[in-house]
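Read through the structure below, which is laid out as C-alpha cells, and then see the notes.
Numbers restart at 1 for each chain; the letters A, B, ... are given by sequence-line order, proteins then strands. Keep in mind it's a predicted model, so treat the numbers as computed, not measured.
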There are 2 protein chains.
Amino acid sequence: MANIHDVARVAGVSISTVSYALSGKRSIAASTKQRIDQAVLQLDYRANAGARMLKGARTQILALSAPLHAGTHAPAHMAFVLSVVTAARLYDYDVLLLTQDEATVGLRRVARSSLVDGIVLLDVSTADPRTDLVRELGLPATVIGIPNDTAGLTCVDLDFEQAAVLAVRRLVDLGHREIGLIGQAPLVYERGSNFPPRFRDAFLAEAARLGVTVAFTPAAEESAGVRAAVEHVTAALPGMTGLVLHCNEPVQSMVLDVLSQRGISVPNDLSVISACSSFSTDHLNPPLDVIPLPADQSCTRAIELTMAQFAGDAEPHVEYIEPTYVELGSTAPGPHR
Amino acid sequence: MANIHDVARVAGVSISTVSYALSGKRSIAASTKQRIDQAVLQLDYRANAGARMLKGARTQILALSAPLHAGTHAPAHMAFVLSVVTAARLYDYDVLLLTQDEATVGLRRVARSSLVDGIVLLDVSTADPRTDLVRELGLPATVIGIPNDTAGLTCVDLDFEQAAVLAVRRLVDLGHREIGLIGQAPLVYERGSNFPPRFRDAFLAEAARLGVTVAFTPAAEESAGVRAAVEHVTAALPGMTGLVLHCNEPVQSMVLDVLSQRGISVPNDLSVISACSSFSTDHLNPPLDVIPLPADQSCTRAIELTMAQFAGDAEPHVEYIEPTYVELGSTAPGPHR
DNA sequence: TCGTGCCGTCGAAACGTTTCGAAATGCGAT
DNA sequence: ATCGCATTTCGAAACGTTTCGACGGCACGA
C-alpha cells in the first residue's frame, strides 16, 4: 500500500508538502499541486486511517447505537439506519454499527478507545442507560428520540405530540366526536419505548381539551391481536366515526382487512388516519391519510447536530421536527359537521 | 483520556511491560500483572484504536457491504446485518456499515485507507461489481451468496439448489405430481439477485428429473401481484396439489389469504412448503412446513471464514450450508401416494 | 542597494502503540 | 567463585500522518 512518502518521492517534494497539498491548509504552487495530484492518482494513494486517527483529531467515524428490540418494525428500523449512514457520508463520516447488547457496552469500548468522534443513538427508551453513558463519555452525541431526562443531551425527533394534535384536530374539524386510537404492541409500551406514550398521551390530552370521546388500545402484532384491538375500540365507542392508527404497516394493513370484513367502509363509515408511519401508505387499501415519520429528516438533522458539536457551536438541546398532514382520501366529514 | 504511559506510571513499570501484560505475548510476573490490571481498571484505560491500527497489523474492523435493494425484504436483510455484527463481535471485531452506493465505492475507500482488515459482502448479484473490487483489493473477504464467477473468492450460502431438491422430493414422496412454485418479485430476478434463479432452476431441474409437472411464476409484492401469481399457477396446473413458496413473509401470508378466499384448504386440498424463509412460519395460518434460511449460520460461517483468511490457512472456496426440512403440518399425502 | 514581508517548501516533532533485542536479576551447576 | 540459563523487565525503533517553526527566494518600497 502506497504511503505519503511514496507520493512525495514520485512528486519530488517533501511529505509535508504532500500533506498540505491534500488538506489545503497551506497554499501550494499550482504546478506542485498538480504533480502531487498526479502521483496520488498514479499510486491510488489514500491516507492511512490509523495514522490520521492517531495524529489528527478526527477518526471520521461515528458510532451508531441501534439495538433492534422485539416489537420494533424492522423495515422502519432499517430506514433509520440507512438514513444515518447516508447522512453521515455527506460529511465524510463512516458509521460503525453497534447492535443489541453492544449498543451499550460497545459504545463504551469504541468511545474509550477513541475509535469514533461521535455517537448517534437510535430507539432510546424513556429511561435508557445509554443516555447516562453518553453523558459520562462526553463525546459529541445526538439522540434520535426523546428520553425522559434530556439534561445535557442533544435530541431530535418528530414532534409526536404535535402529530397527535394534528390527527385529533383533523378528525374533530371534520365533525367526528368519537375517535379511536390503535397503538403499538403492548410490549412496546411496557419496554418504555419513548414515542408511543408521547403520542398516546398527547392524543388523549388534546381529545380531552376538545371534549371528544376517545378509546385507546395497543395492538399485538398477530392477526388475533389486531382483531381484538378493533373489537376493543368499537365496543368502547359504538358511535366511533374516526380512527387513528399509530402502529406499524402490517398491523395497519390488518386493521383495514378487519374493518373491511366487518363491512365498515373507509372513509364512508369511518375516517382513518395513519400516524407516524415511516413508509408510504399508497399500497394500503384504501391509501390512508398519513402524518409521515420522516426517517431521513430526523437522521439528517441528527448528523447536522453532531457535526455542529464537533465545530463547538452547539449547546445541548431538544429539537422537534414539525409533522405534516398528507391527505389521501381516507377521511370524510363526520356526523357533527 | 488515559494512555499506556499513564498506566505504566501508576503501575510503576515501563510501557512495554504494560503492552506485554495486556496482550499476553510475553510472560509477566503475576504480581506485576496484577498491579497493571489494577491500574488499567483505575484509569479505565483502553488502547488507542488509531495507534494500534497504525503499528499493529490489525484494525479489528470489518467492512460490511450491504446494499438494500428494492424488492429485498427489509427484515430479512436486517437479520443478516445483525447476524454479521454479532458474529464479528465474537472475534473482537467491529463492523463498519456500507450501504447503497457506498457498498461499492466506500469499499474501495475504507480498504485503501487500511481502515478495515476484511470485508463481508451481502446480497451479491450474479455479476456484481463488488466481486471484482474484492479481488482487486486483495483483502480477506467473504461473500454471502454465490455470484456467477466465484474464482478467487470465498463464498458461503445456504445450498439453495439442495433446498429446491428437498422441497420437490418432499412433495413427490407424498404423492404429488403437479407442483407450483411462486417466487420472488419479478424485479428481483431481473436485477440479477443470485439465489432466486439458483432455487428456481434447481427446482425445475429436479422436477424434470422426477417427471413431475411444474409451473413457476414470480410474484410482485402487492396483493394484486400475489393474486395474479396464484391465478397463474392454478391456471397452468388445474390439478395442482403441491405448492412451494420462495418469496418473502408478507407475500406468503397473502398467498395463504388468497387460497383461503378461494376455499382451498391447506394441507387437505393443497400441500404448501415455505422455502428459504428467514423467519419462523409459526404466525402464518396455517404454519407452513419450512426449509429455513438460517441467517445466523451463514453469517457466523462467513465470519469464521474471514478469520481463517487472517490466519492464512484458507484457500478461496465456495461453501454450502446444508438445508433442513421442518415439518409443521402444511403438507399431506397427495393423489399418487 | 538594502531591508521587509510574503509565498512556497522543508525538516522534525509528536501522536500511542507494538515488538525486537538486550539488560538485569536470580538460581543452580560446575 | 564463576558460568550459563531462564525469567522478567526495559529501552528504543517503527508505524504514517499532521503540523509547527523555519528557511530560501522573490518582489516591493524605501
All salt bridge (Lys or Arg N to Asp or Glu O under 4.0 Å) counterparts of B:Arg26, not counting sequence neighbours
none
Does one side chain, of B:Ser125 or B:Ser193, offer a donor that lies under 3.5 Å from an acceptor on the other?
no
For A:Thr86 and A:Ser83, which I'm curious about, is there any donor-acceptor pair between the side chains at under 3.5 Å?
no
Please determine if A:Arg46 and A:Asp44 form a salt bridge, counting it only when a charged side-chain N lies under 4.0 Å from a carboxylate O.
yes
Got a salt bridge between B:Asp101 and A:Arg89, using NZ or NE/NH1/NH2 to carboxylate O under 4.0 Å?
no
Side chain to side chain contact (heavy atoms under 4.5 Å, CB included), paired with B:Arg35, selected from B:Val10, B:Val7, B:Val13
B:Val13
For residues A:Phe80 and A:Ile144, report the shortest heavy-atom separation together with the two atoms involved.
CE2-CG2, 4.1 Å
Quick test: give all pairs of protein nitrogen or oxygen and nucleotides 16-19 of chain C nitrogen or oxygen below 3.5 Å, distance rounded to 0.1 Å.
unit_1: C:dT17; atom_1: OP1; unit_2: B:Tyr45; atom_2: OH; d: 2.6
unit_1: C:dT17; atom_1: OP1; unit_2: B:Asn48; atom_2: N; d: 3.2
unit_1: C:dT17; atom_1: OP2; unit_2: B:Ile4; atom_2: N; d: 2.4
unit_1: C:dT17; atom_1: O5'; unit_2: B:Tyr45; atom_2: OH; d: 3.4
unit_1: C:dT18; atom_1: OP1; unit_2: B:Arg52; atom_2: NE; d: 3.4
unit_1: C:dT18; atom_1: OP1; unit_2: B:Arg52; atom_2: NH2; d: 3.1
unit_1: C:dT18; atom_1: OP2; unit_2: B:Ser19; atom_2: OG; d: 2.8
unit_1: C:dT19; atom_1: OP2; unit_2: B:Lys25; atom_2: NZ; d: 3.0

Atom pair distance, as rounded to whole Å: CZ in B:Arg9 and P in D:dC10
15 Å
Whole-Å distance, B:Lys33 NZ to D:dT9 C1', equals 15 Å
Hey, mind stepping through A:Leu115 and A:Thr59 against side chain to side chain contact (heavy atoms under 4.5 Å, CB included) and telling me if it holds?
CA-CA 7 Å; A:Leu115 218 197; A:Thr59 70; 5.6 Å; no
Are any protein N/O atoms closer than 3.5 Å to N/O atoms in nucleotides 5-7 of chain D? If there are, list each pair with its distance.
none

